[in-house]
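I have placed the structure first, in the form of structure tokens, so that the comments after it can refer back to it.
Chain A is the first sequence line, chain B the second, and so forth, proteins listed ahead of strands; every chain is numbered from 1.
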Amino acid sequence: MERTELEKIRLEKIERMRAEGIDPYPTTAHPTHRAMEAIHLFEEMEKTGDPEEKIEVTLAGRIRANRPMGKIVFIHIEDSTGRIQLFFRVNNIGQDGLKRIKEDFDLGDFIEATGTLFRTKTGEISVLVDSFRMLAKAVTPLPAAKDEVVDGQVIRHAGLTDSETRYRQRYADLAVNPDVRKIFQVRAGTVRALREYLDNLDFLEVETPILQPIYGGAAARPFVTQHNQLKQELYLRISFELYLKRLIVGGIDRVYEIGRDFRNEGVSYKHNPEFTQLELYMAYADYHQIMELTENMLAYVCDNVLGTRTIQFRGNTINLSPPWKRLELRQGLIETTGIDINQHPTADSLEAAMKAKNYPFKPGSARGKLIDALIGDYLEPTLLEPTFLYDYPRDISPLAKSKPGDPTTVERFEGFVAGMELCNAFTELNDPLDQEQRFIEMGRDYESEDEERHPMDEDYLRAMSYGMPPTGGFGMGVDRLVMLLTNQQTIREVLLFPHLRKVEE
RNA sequence: GGGCGCGUAGCUCAAUGGUAGAGCAGUGGCCUUUUAAGCCAUUGGUUCAGGGUUCGAGCCCCUGCGCGCUCACCA
């Protein structure tokens, strides 16, 4: 491994320490408190305790700031709870200790220090250190970053900002950019809140196959892999849908899964090849009830994770309190495009109408695809406030139940926030004969687009044949929800290790 | 996959086609309550890679690699 000058200097320090009998990588640490615990402990003592009481603590953390001043040294250490200052004074640690702290320790090293809590002249709660030792020496220096605290706000000067380095070396990014850690705390809290909400409604969380012999439940190209011994082709799942509805048939009448989906498609600010999805299915519910569940669930997440239902996203202030706006798809398109899709029951007719208005489209597309293009180009960007867009064309919704009395439309909705699609839900198609017909239609209408076609799933049809109760289903991109909650403009910022091209080292 | 932009010290950034610099980090020194500590001195470069034009290339041209934005794709 090639080493930089800075690294060579630190490697020499390691050698020197070893020669002096100091282990730069001891096996254990014995902290008595975390950084914030120690600070709170001291504050508590100041309020109610005896001010003469000495509170002894042993803390462990990473050195993030180092200010030697002659015969004293100030060092800030950090753990995941926050930062605390260590104060080293020759009077307490002796000449040898002073030499140690100044010569052996660098920014980025892990240190354990024991001493008593006190306030410095400037009022910062600190540890007056009596003894300390190396916990782990860092060879590679962390990207330089200095933090200035102004009115409680941490201003970082010249930190690590290059996005490629940040994603490829997420460990360095996390180590120096506390805001990044915060995003993943919100992410964890979001998933936890979703689980809590559904568990409280008596949903059962399950795990279904990721490696599937037949993929389905969405129109996407799958990743293909191979089972060596079985000599069988397998697909990484593109959705959970078909398995979860089998469970509804089996009597698990409230069921959900949170997990990874894989789609072999383009990467963009809102697409990653693998992403986290929440899907839920609720028997005896229809899509209206799922709308209510959705808005209540997201309000619950906001309350528990952010403590507010008002979020900032791309300069918009958005309130996620129920009820969300309900907008019929047909009406929304009339308002934004001037086209009434009900007057164009065929693809040819709709294409002509779009052509007349100079709207872009892919010639020869199915009617549903044309409608989808209109939504994406003209309607979706206008849906800033939380909105359920409902009643979708049948031919782009092969797993959704038809609307009574309207054979071209299904009971489906998508939820939009800040102009971004967040979730997709419908009254599930539970008529096995209709479902078979849909698979056949898909095969015919999308014949040319082989890779997007729904493969016929005979076993799924058999499950339907056993009888599935009326059911509402719902799917949501968890990454996109986290983007909204953390005001991040790209999915990569809410993934710890986003997909990047391989690079030759 | 197409278009546009970017790639310089560990980090953040400069540099009309003419000796590659700064701040921070590092190293040496001073400094017993600092907090972007301060002061003095100082080290550090395959300018993403390869080719070309030129007396001379970080800069201009070509190819490749990577990243970003965008379009396409993505029920």
Q) Quantified in whole Å, what is the P atom distance between nucleotide B:C24 and nucleotide B:G64? A) 41 Å
Q: Measure from CG on A:L107 to C1' on B:G10 and round the result to the nearest Å.
A: 12 Å
Q: Determine: side-chain N/O of A:R67 to OP1/OP2 of B:A37, distance under 4.0 Å, yes or no.
A: yes
Q: Calculate the interatomic distance between A:R501 atom CZ and B:G64 atom C1'; express it in whole Å.
A: 13 Å
**Q.** Base paired to B:C30 (Watson-Crick or G-U; both N/O distances under 3.5 angstrom)
**A.** B:G38
Q | Rounded interatomic separation in angstrom, taking CZ from A:R412 and P from B:A75 | A | 9 Å
Q: Answer with base, sugar-phosphate or nothing: what part of the nucleic acid does A:S163 contact at a heavy-atom distance below 4.0 Å?
A: sugar-phosphate
**Q.** Side chain of A:P143 (C-beta onward), nearest among B:U34, B:A75, B:C11
**A.** B:C11
Q. Any salt bridge between A:E20 and A:K99, counting N to O under 4.0 Å?
A. no
**Q.** Donor-acceptor pair (no angle test) under 3.5 Å: A:E124 side chain, B:U34 base
**A.** no
Q: Before accepting this row, confirm whether a basic side-chain N of the pair A:K270/A:D479 lies closer than 4.0 Å to the acidic partner's carboxylate O.
A: no
Q: Select base, sugar-phosphate, or nothing to describe what A:F87 touches, counting heavy atoms under 4.0 Å on all strands.
A: base
Q) Considering Watson-Crick and G-U wobble pairs with both distances under 3.5 Å, what does B:C6 pair with? A) B:G66
Q.
Regarding A:R168, tell me which of base, sugar-phosphate or nothing describes its non-hydrogen contacts under 4.0 Å with the strands shown.
A. sugar-phosphate
Q) Considering only B:U32, B:C11, B:U34, which nucleotide approaches the side chain of A:L160 most closely? A) B:C11
Q.
So, OP1 or OP2 of B:G68: does either fall under 4.0 Å of a side-chain N or O from A:R492?
A. yes
Q. Which whole-number value in Å describes the distance from A:D109 CG to B:A25 C1'?
A. 14 Å
Q. Hey, are A:E164 and A:R501 close enough for a salt bridge, meaning a charged N less than 4.0 Å from a carboxylate O?
A. no
Q. Rounded to whole angstroms, how far apart are CG on A:L98 and C1' on B:C30?
A. 14 Å
Q) Counting only side-chain N and O atoms of A:K8, is one of them less than 4.0 Å from OP1 or OP2 of B:G26? A) no
Q) Just checking A:V90: base, sugar-phosphate only, or nothing, at a heavy-atom cut-off of under 4.0 Å? A) base
Q: Confirm from the modelled atom types if A:T161 and B:U12 form a donor-acceptor pair under 3.5 Å, side chain to base only.
A: no
Q.
Judged by each residue's nearest nucleotide on RNA chain B, which is more toward the 5′ side, A:Q489 or A:S397?
A. A:Q489
Q. B:G1 pairs with which nucleotide, Watson-Crick or G-U wobble, both distances below 3.5 Å?
A. B:C71
Q) Closest to the A:N91 side chain: B:U33, B:U32, B:U27? A) B:U32
Q) Between A:D340 and A:R330, is the closest basic N to carboxylate O distance under 4.0 Å? A) yes
Q: Report the distance from atom CG of A:L429 to atom P of B:A75, rounded to the nearest whole Å.
A: 19 Å
Q: For A:K245 and A:Y460, run side-chain hydrogen bond (donor to acceptor under 3.5 Å, both in side chains): C-alpha distance rounded to whole Å, both residues' side-chain angles, the deciding distance at 0.1 Å, then the answer.
A: CA-CA 9 Å; A:K245 284 193 283 195; A:Y460 178 71; 3.2 Å; yes
Q | Distance, C1' atom - from B:A9 to B:A14, rounded to whole angstrom | A | 13 Å
Q. If you look at every strand shown and take non-hydrogen atoms under 4.0 Å, does A:L142 touch a base, only sugar-phosphate, or nothing?
A. nothing
Q: Tell me whether the OP1 or OP2 atom of B:G26 has a side-chain N or O from A:R10 closer than 4.0 Å.
A: no
Q: For A:R367, answer base if it contacts any base atom (sugar-phosphate contacts may also be present), sugar-phosphate if it contacts only those atoms, and nothing otherwise; contact means non-hydrogen atoms under 4.0 Å.
A: nothing
Q.
Check the phosphate of B:G29 against A:K102, side-chain N and O only, distance under 4.0 Å to OP1 or OP2. Yes or no?
A. no
Q) Whole-Å distance between B:U32 P and A:L128 CG? A) 16 Å
Q) Is A:D434 salt-bridged to A:R394, cutoff N-O under 4.0 Å? A) yes
Q) Looking across every strand, which nucleic acid part, if any, lies under 4.0 Å from A:P393 by heavy atom: base, sugar-phosphate, or nothing? A) nothing
Q: Quote, to the nearest angstrom, the C1' distance that separates B:U33 from B:A20.
A: 42 Å
**Q.** Gap in Å between the two P atoms, one belonging to B:C59 and one to B:C6, rounded
**A.** 13 Å
(Q) Whole angstroms only, please: what is the CD1-P distance between A:I491 and B:C69? (A) 13 Å
Q) Counting only N and O atoms by type, is there a donor-acceptor contact under 3.5 Å from the side chain of A:N177 to the main-chain atoms of A:D179? A) no
Q. What integer number of Å spans the P atoms of B:C62 and B:C4?
A. 11 Å
Q: Tell me which nucleotide among B:G68, B:U12, B:A75 gets nearest to the side chain of A:I396.
A: B:A75
Q. Looking at B:U12, does its base get a donor-acceptor pair with the side chain of A:D162 below 3.5 Å?
A. no
Q. Considering every strand shown, what is the Watson-Crick or G-U wobble mate of B:G21 when both distances are under 3.5 Å?
A. B:C13
Q. When you compare B:G44 with B:G21, how far apart are their C1' atoms, in angstrom units rounded to a whole number?
A. 13 Å
Q.
I'd like to know if A:K137 pairs up with A:D104 as an ion pair, taking the criterion as any Lys NZ or Arg NE/NH1/NH2 lying under 4.0 Å from an Asp or Glu carboxylate oxygen.
A. no
Q. NA contact type, A:L6, heavy-atom cut-off 4.0 Å: base, sugar-phosphate, or nothing?
A. base
Q.
For the C1' atoms, the ones on B:G68 and on B:U16, what distance do you get once it is rounded to whole angstrom?
A. 28 Å
Q | Atom P, compared across B:C67 and B:U8: separation rounded to whole Å | A | 15 Å
